Amino acid sequence: MSERALLDLLPDAVIRLDAERRVVEGNASLEALTGYSLVEMRGKPLGDLLDPRGRDGKPIWVEGWDPATRLRSVVRIPEQEIEIRRADDKALRVNVTGAYERDSDGRLEGAVLVLRESARRAHVAAAGIEIVSTVSHELRSPLTSVKGYTSLLLNRWDRLKDEQKRMMLEQVHHDADRVTRLITELLDISRLETGRLVLRREMVDLAELVDRVLEKVGMEYPDLEAEVALPEECPRVYADPDKVQQVLTNLVENAVKYASPKGLRVRGEADGDAIAVSVVDVGEGIPPNDLHRIFTKFFRRAETRPTGSGLGLWISRGLVEAHGGQLTAASIPGKGSTFRFTLPLTTFEEFQG
Ligand code: ADP
């Protein structure tokens with residue numbers, strides 16, 4: 001078997017570079033990994049072709065080799081995780097390792113790199129640990145309170161006044177809701193990540209749903225003042241009412257927590273094939289740099305009192321997208337923000353067809 005045929009059988013991508021980091025040779029797995037053919041790659045500098053970046057996002061192997069290569073004894077390229085850009089412009093995380101090639105005087109002649117797509121499972125596992133630690137923390141406080149109040153009620157039942165008992169039971173009730181919600185969110189996360197989220201669709205009356213959400217959030221934040229403007233003949237949507245309620249609750253609660261409970265507006269607009277619901281708040285807004293990041297998992301702005309897990313918007317976007325809609329944000333710093341989600345106006349019949 002020729003050397004080339006052998007290389008092509010390797011499951012890992014192999015690439016050989018010359019002293020100027022231009023592509024000399026590669027195998028079939030390299031073509032599959034990068035989306036470029038060898039003919040396209042040969043002679044091109046690796047930096048221009050794949051835009052490799054280290055964990056800190058800085059380009060590597062563009063200006064020169066790693067400074068450590070000045071030492072003639074350095075032959076191995078230590079394993080590292082980098083990000084490359086494929087031919088279709090998609091970013092891909094890969095693990096790289098390899099060896100430098102030196103002539104008999106120890107001068108660097110090039111390198112052979114071995115690339116392997118980073119194991120997705122490792123990422124999921126890492127995210128899993130992160131989720132567990134954040135959420136355990138969030139679960140503990142309501143449970144501590146449930147335990148505390150129920151112990152008090154059990155031990156001092158005869159000595160407590162009715163209104164004290166009522167207050168404690170209300171608190172337990174509220175904390176139980178919080179735990180239930182967190183667990184629902186957790187289940188949603190794992191289902192969204194594995195594509196197993198099942199929507200229980202029915203015809204939903206949005207006006208009714210908006211009222212219900214405002215009433216519920218209003219119980220927790222009595223200062224809430226919201227104006228609702230929905231189309232006269234608000235069309236019904238074929239959607240999962242619990243999930244839509246969860247999204248809207250998250251948006252209204254965020255507006256109350258991070259902007260202001262006053263001056264809130266919930267607007268609805270129907271245009272032919274979709275209905276859009278916007279939650280408009282009056283507040284300090286979100287700086288442009290943070291605007292796209294608020295939808296990432298665990299992101300919480302340092303300036304805002306961190307009251308949540310940073311998962312709310314990530315989940316909401318996932319839930320809206322599962323319905324075939326979109327969730328976007330716009331904000332004017334110093335004025336306020338608008339969060340808008342769309343839901344396609346598919347009818348039940350269309351959906352079945
Ligand atoms: P959490 O569950 O922690 O509230 P979210 O994913 O819902 O997390 O929100 C992420 C971050 O986005 C929040 O920590 C907050 O800084 C910012 N944010 C969300 N909604 C608003 C808003 N209406 N106004 C200003 N900042 C907001």
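For clarity, every value in this text was computed on a predicted model and none was experimentally measured. In listed order, ligands and their atoms are each counted from 1.
There is a path of hydrophobic side-chain contacts, each under 4.5 Å, that joins Tyr221 to Val279.
Below 4.0 Å from some heavy atom of Arg301 lie the following atoms of ligand 1, by number and element: 14 (O), 16 (O). Of all atoms in ligand 1, listed by their number and element, those nearer than 4.0 Å to a heavy atom of Arg300 are 3 (O), 14 (O). Taking a cut-off of under 4.0 Å to the non-hydrogen atoms of Phe299, the atoms of ligand 1 that pass are 10 (C), 11 (C).
For ligand 1, one of its N or O atoms has an N or O atom of Gly310 under 3.5 Å away. Considering both main-chain and side-chain atoms, Leu313 comes within under 3.5 Å of ligand 1 through a nitrogen or oxygen pair. Looking at Asp281 next to ligand 1, an N or O pair under 3.5 Å apart turns up.
Atoms CG and CG, from Asn27 and Asp12 in turn, are 8.5 Å apart once rounded to the nearest 0.5 Å. Considering CE of Met168 and CD of Glu163, their distance stands at 10.5 Å, rounded to 0.5 Å.
Checked against Ile15 for a side chain to side chain contact (heavy atoms under 4.5 Å, CB included), the options Val114, Leu46, Val96 give a single hit: Leu46.
Formation of a donor-acceptor pair under 3.5 Å by the Asp281 side chain with backbone atoms of Gly336 is not found in this model. A donor-acceptor distance shorter than 3.5 angstrom exists from the side chain of Arg201 to the backbone of Tyr238, with no hydrogens or angles considered. Without hydrogens or angle criteria, Glu31 side chain to Leu38 main chain gives a donor-acceptor distance under 3.5 Å.
In Lys257, the part holding a heavy atom less than 4.0 Å from any atom of ligand 1 is the side chain. Contacts between Asn250 and ligand 1 below 4.0 angstrom, taking non-hydrogen atoms only, involve the side chain exclusively. Within the 4.0 Å heavy-atom criterion, the part of Ile286 lying near ligand 1 is the side chain and not the backbone.
Look at Arg42 and Glu25 and you find a salt bridge, because one of the NZ, NE, NH1 or NH2 atoms lies within 4.0 Å of a carboxylate O, short of that distance.
Ligand 1 lies nowhere less than 4.0 angstrom from a heavy atom belonging to Gly283. Residue contact annotation: Phe339 has a non-hydrogen atom under 4.0 Å from ligand 1.
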